[in-house]
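Written out below as C-alpha cells is the structure these notes cover.
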Amino acid sequence: NAFLQLNSNRAISLFVCFRWEEERYTDGVKWKFLEHKGPVFAPPYIPLPDKVKFYYDGKHMKLSPQAEEVATFFGKMLDHEYTTKDIFRKNFFKDWRKEMKPEEKSTIVDLNKCDFEEMNQHFKDQSEARKQMSKEEKLKLKEENEKLLQEYGFCIMDNHKERIANFRIEPPGLFRGRGNHPKMGMLKRRIRPEDIIINCSKDSKVPVPPHGHKWKTIRHDNKVTWLVSWTENIQGSIKYIMLNPSSRIKGEKDWQKYETARRLKKCVDKIRAQYREDWKSKEMKVRQRAVALYFIDKLALRAGNEKEEGETADTVGCCSLRVEHIKLHTELDGQEYMVEFDFLGKDSIRYYNKVPVEKRVFKNLQLFMENKQPEDDLFDRLNTSILNKHLQELMDGLTAKVFRTYNASITLQQQLKELTNPDENVAAKILSYNRANRAVAILCNHQRAPPKTFEKSMQNLQTKIDAKKDQIGMARRELKGAKADHKVKKDEKTRKSVESKKKALQRVEEQLMKLEVQATDREENKQIALGTSKLNYLDPRISIAWCKKWDIQTEKIYNKTQREKFAWAIDMADEDYEF
DNA sequence: TACATCACTTAGGACTTCCACC
DNA sequence: GGTGGAAGTCCTAAGTGATGTA
C-alpha cells in the first residue's frame, strides 16, 4: 500500500519477516479475528465494620450502604489537599446527597458537620495491615493477580495472542481532575455490565457477562481497535479497553508515526520558507496561520483545540492562546524582540519561556493584539482545523503534532552526535544520552513535581561522595607506602603489593566517578520528566543505532516494558540508522 | 462552517516492587 | 532481615485529529 511504498526497498525486505508486518489491511480494516474475555469489574463494595463510625454534628449516624460507599471515597482522601478545596467539597456534597436515603438527606445538610475521621483511620489501618502481611499471604495475592492476568489480560487478534493494556474497569470514586478543574470531587459512578459495549469478531467466542447480567451491546466492528467501551459520567466521554503498546496494532502505528515525521524532515525547509513568506501576506488569516505554525515548529507547542468552557480546566495550546498569555518586549535581557509566554498547557502544566523572535513575527503579534482584551484569542482567525487543513496540503499526513515528533526526534539525534564522547566510558556515555533526552524533554516542556524526597536523597548521595573521597585519600596513602616499601626491598612480594594497591585505588576512583555522574544526572533531572518523550516522541531507532554504534547494551537505556514496546525498532535499526 | 462524536495518543502522579545497603 | 529510595507499573485524565451531521 501507499505507506509501504514510501519506505526504502531495504526496509520492506526486512519487514516481511516480522510478525507486525505479516498482514496489512486496506480501507481502515484493523483486524479479521478478535476474541477476548471481556473486562474485569471493580470489586463490589464491602460495607464498613460496625466499629467504624460516621458522625454528623458530633452524633453517630449509621449510613445506608449507598451513602456509606460514597462517604468512604471522601474519607479515604482526607489527607489530600483536594478535600479542602471549595469546588471539590461542593461537587462531592452535591453528588453524595443524591445517593442518600430521604432521612439521611434531611439530616445531612452541611459537609462541615461531617466527621469522616474514623473511616480515614480504618483505611490507613487496612493499608498498614496489607504491608504487614506475611510472605505467604503476599504470594497468594500475587498468584491470584497473575491468574486474573492470564485469564483476562490477553486476547487473540489475527492469530496472535496479544497483551491487553487496561482490562480492569475503572472503579468508582471521586473524580480528580488536574489543575483547577470545575468538576473535581464529582462522583464517578460504578460501571456495570449493562454499561459495557463489547467489540469482537462474529466468529469468536463472545465474552460471557457476569451471572445475572447482560452487556449493553455486542458489536463486530473491525474498523476500530478497541475491545470494550463504556461512557463515563463526568464528561460523558467514551472510555476504551485497548491493546498493550507491545501489540502489533500499536507498534505498527507507532512506526508509522515516525515515518510521517521523517517525511516532514524532507520538506521542512520548504515549509519553513513558506511560512516565513506568509508572515508578509495581505490576508490576516494567512499571517496568523504562519505565526502560529512558527511557534509550533520553533517551540514545539501543541496544536491547541478549542475546549468547552466550564467542562474542563482552563488550559491552552498554540491556536487557543489568548492575548493575556504573551507579553511583548522590544528589548529584554539584552535581546531584541522578545516574546514572554506564560500559560497553562495540557494537564495544567505551566509553560513559561522567553524567546527572541524575528522582527516580522514581533510586528505581526503587535498587530494581532491591537484593540483586544486580555481574554481575547490571539489568533482570532485561526483554529486547529484550519491549520491542519493547510498542513495537509503541504504534505500528506501532516498535522500540527507531527512537528513535535519531528523536532523531538531530530533534536535527540543532533544532541547525541554532539554530546557523545568516544573516549568516555559507558557511564559517561549514558549520562550524555540522558542529557540529549533531557534537551528534548525541555523542548517539549515535560515537567514533573520534584520528588518529595529529593533534597534528602541528594544529601545522602553527597555523604557517599565525601566518604568515597576519603577512601581515595586512604588508598593513595597506602599506595605511596607500598611504593616506598618496594623501593627499599625490591622483592616480588612488595611489587605485588604495589600492583594490588594501584588496582584498589583505581577501583575507588571509578566508584567516585560513578557517584558523581549520578549526582549530576539527578540534579539536572529534578523537575524534568524524561519518560514521556522517550515513550512518545523519540524515534526508538535513533536510540538503538546509538547503542549499537557505541556498543552499549539496549538494557541500559530501555527497561523490559520499553524493549517490548520498541521491539519493532530493535529488530529494524542498525548502527547507521538516520532519522 | 459549526458542532458533536468517536477513536486514538500523550501525560503526570499514585502505587508497587525491587534492590542496594545497613 | 529491615529499610530507604529508585525504578517500574498502573491508572486514568487530557490532549489531538478524523469524521459525521445539521
Side-chain angles (χ1 to χ4, degrees), chain A residues 28 30 42 77 80 127 130-131 135 138 141-142 145 149 153 165-171 173 175-179 181 183-184 188 197 199 221 223-226 229 231-232 234-245 249-250 253-254 256-257 296 302-308 311-313 315-320 344-349 383-389 391-392 397-405 408 441 444-449 451-454 456-461 464 518 521-522 525 527-537 558-562:
Chain A
K30 304 288 169 57
M77 299 173 76
H80 204 290
S127 88
R130 221 172 306 128
K131 277 186 209 147
K135 269 234 170 79
K138 279 186 182 165
L141 219 62
K142 205 175 165 183
N145 252 317
L149 172 69
N166 54 324
F167 56 90
R168 283 171 214 272
I169 297 281
E170 296 171 16
F175 176 77
R176 307 148 83 130
R178 313 223 171 112
H181 198 116
K183 299 201 168 184
M184 63 167 88
K188 205 171 102 162
I197 303 172
N199 194 33
D221 183 356
K223 301 261 173 91
V224 297
T225 68
W226 53 268
S229 76
T231 301
E232 153 270 349
I234 304 288
Q235 330 257 8
S237 66
I238 308 167
K239 300 259 185 167
Y240 303 93
I241 291 182
M242 291 186 195
L243 296 192
N244 196 72
I249 209 151
K250 294 286 183 191
K253 197 82 189 294
D254 207 32
Q256 194 174 94
K257 174 180 79 188
I296 284 169
R302 293 186 186 84
N305 283 317
E306 289 115 302
K307 304 170 68 178
E308 220 176 322
E311 290 291 299
T312 59
T315 63
V316 296
C318 186
C319 294
S320 50
L344 296 181
K346 180 174 178 183
D347 293 325
S348 294
I349 297 290
N383 60 40
T384 53
S385 140
I386 296 171
L387 178 65
N388 281 333
K389 249 179 218 129
L391 293 175
Q392 186 58 236
L398 187 61
T399 61
K401 89 185 188 99
V402 179
F403 280 87
R404 241 166 111 80
T405 312
C444 296
N445 200 39
H446 291 143
Q447 297 189 31
R448 62 165 183 177
K452 286 185 192 82
T453 54
F454 186 83
K456 207 177 134 220
S457 78
M458 219 49 204
Q459 261 172 21
N460 289 348
L461 197 55
K464 273 192 196 169
Q518 203 186 348
D521 210 25
R522 200 184 294 172
N525 245 2
Q527 298 197 66
I528 299 162
L530 299 187
T532 306
S533 49
K534 204 176 195 176
L535 239 43
N536 301 301
Y537 288 102
Y558 288 140
N559 67 31
K560 188 166 156 275
T561 317
Q562 292 164 340

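Below, chains carry the letters A, B, ... as their sequence lines are ordered, and counting in each starts from 1.
Dashed line: the shortest gap from a side-chain N or O of A:Lys250 to OP1 or OP2 of B:dC8 is not under 4.0 Å. Distances shown here put a side-chain N or O of A:Thr315 below 4.0 Å from the OP1 or OP2 atom of C:dG15. In this structure, A:His446 does not reach the B:dT10 phosphate: none of its side-chain N or O atoms is under 4.0 Å from OP1 or OP2. For the pair A:Lys346 and C:dT16, the criterion of a side-chain N or O lying under 4.0 Å from OP1 or OP2 is not met. Residue A:Lys223 places none of its side-chain N or O atoms closer than 4.0 Å to OP1 or OP2 of B:dA7. Side-chain N/O atoms of A:Gln235 include one lying less than 4.0 angstrom from OP1 or OP2 on C:dA14. Considering only side-chain N and O atoms, A:Asn559 lies under 4.0 angstrom from the phosphate OP1 or OP2 of C:dG8. Between A:Thr312 and C:dA14, a side-chain N or O to OP1/OP2 separation shorter than 4.0 Å is absent.
Contact annotation for A:Lys30: backbone-only contact, meaning every heavy-atom pair under 4.0 Å involves sugar-phosphate atoms and none involves a base. Using a 4.0 Å heavy-atom criterion, one finds that A:Tyr240 contacts the bases of the nucleic acid, with or without backbone contacts as well.
The closest side-chain heavy-atom distance from A:Thr315 to A:Lys346 is not below 4.5 Å.
Mapped onto DNA chain C by nearest heavy atom, A:Pro171 and A:Lys560 fall at different nucleotides, with A:Lys560 at the one closer to the 5' end.
In the interface, the side chain of A:Lys401 is not paired with the base of B:dT9 through any donor and acceptor atom under 3.5 Å apart.
In summary, of the residues considered (A:Val224, A:Asn199, A:Ile241, A:Ile238), a side-chain contact (heavy atoms from CB on, under 4.5 Å) with A:Ser229 occurs for A:Ile238 alone.
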